[in-house]
There are 2 protein chains.
Amino acid sequence: MDAPTITDALGEAGYRLTAPRRALAQLIASWDGHFTAEDLVRTSRRRRLGVGRATVFRSLDVLSELGVVERLDLPSGDHAYVACEPAHHHHVVCSSCGRSKEVGDLGLGEMSGAIERATGYRIDTHRLELFGLCPACRRAGGGT
Amino acid sequence: MDAPTITDALGEAGYRLTAPRRALAQLIASWDGHFTAEDLVRTSRRRRLGVGRATVFRSLDVLSELGVVERLDLPSGDHAYVACEPAHHHHVVCSSCGRSKEVGDLGLGEMSGAIERATGYRIDTHRLELFGLCPACRRAGGGT
DNA sequence: CAACAATCGAGACTCAGTCGCAATAAGCTC
DNA sequence: GAGCTTATTGCGACTGAGTCTCGATTGTTG
């Protein structure tokens, strides 16, 4: 994912392309693995990007609404984000380095039909997150 | 789920059966739908159960470690809990009233094998939460 | 019942996330 | 490109969930 992809999405959705948003797009695009709002705040402060705390949160809201970024709920309870394609999918997240891969629908669509029949609930949304070790981290020693 | 089930689990795991824990067990057992830590704090204050804020959080930690209670991450970003059986399963949560049902493994186990082969990750854990309307809420008007 | 360790409550504290508002600047129009 | 409109920003105060500390309490075991 590169920065223009993000700014384009903002533009197409009718949002203004401001300097702070460009800076954040850059930051997010070049980030490796998942990041927290605080990561962005800290980094943009350190690099004097002139992006305030509130703006980081506001931008993450917008971006996640556009589907350019998605919020993960880590097993630790923390909130993190990953850049991703705006289509239905799920994330496989490395619990060591935080890098993630997207996987498709995996037949969950049909599964949810079965669950509706079994429980009587009408399923509207679901969340599936998978955690484990990526190939690199496994080779690096976690693979025991 | 009833209160003894919860206190038994505590006892078997070697935890002391204190008055605050019994009170919380009672509260949780009789709760309808999901609840937040704050719900418990507020209720126990209102009913003068003499259970402090810190104790509620500490107890929820213990109980969720024992698998008697599970933490949900609602789409809103809030944290909630539900009482449940300590076995691998997933929750179907009503987005209107908060009541939830447990569903089994659903073939996710095999699915995760397929994902491992496709991505190279070694999957350790996953989280699947389904949100929708329960039969009662659907009948009550949400069923449009 | 005594002794020890686990647990508790109160309240201070931390820290993520929100809010209100005056200042700024994108983007449109001419 | 100047001017106008309005979305957006930064600041700083605020909120509220969750944690920590510590002296007091209370299960539990023998």
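Below, chain A is the first sequence line, B the second, and so on; all start at residue 1. Since we're looking at a predicted model, the values are computed, not measured.
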For the pair [X] (side chain) and [Y] (backbone), establish whether a donor and an acceptor sit closer than 3.5 Å, ignoring hydrogens and angles.
{"X": "B:Glu102", "Y": "B:Glu85", "value": "yes"}
{"X": "A:Arg71", "Y": "A:His79", "value": "no"}
{"X": "B:Gln26", "Y": "B:Ala3", "value": "no"}
{"X": "A:Asp61", "Y": "A:Arg58", "value": "no"}

Nt span of DNA chain D in reach of chain A heavy atoms at under 4.0 Å, 5' end first, is D:dT6 to D:dC11
How would you list all residue pairs meeting ring-ring contact (aromatic ring centres under 6.0 Å, His included) that involve residues 33-77 of chain B, not counting sequence neighbours? B:Trp31-B:Phe35
For each nucleotide in nucleotides 18-30 of chain C, reading 5' to 3', give B when a protein heavy atom comes within less than 4.0 Å of its base, S when such contact involves only the sugar-phosphate, and - otherwise. BBB----BBS---
If I take atom CZ in residue A:Arg45 and atom C1' in nucleotide C:dC15, what distance separates them, rounded to the nearest angstrom? 13 Å
Classify the nucleic acid contact of B:Gly77 as base, sugar-phosphate or nothing, counting any heavy atom under 4.0 Å across all strands shown. nothing
Please identify each residue that fulfils side chain to side chain donor-acceptor pair (under 3.5 Å) with A:Ser64, with sequence neighbours left out. none
Residues in side chain to side chain donor-acceptor pair (under 3.5 Å) with B:Arg127, at least two apart? B:Asp73
Go through residues 25-40 of chain B and report each residue with a non-hydrogen atom lying under 4.0 Å from DNA chain D, sorted by number. B:Ala37, B:Glu38
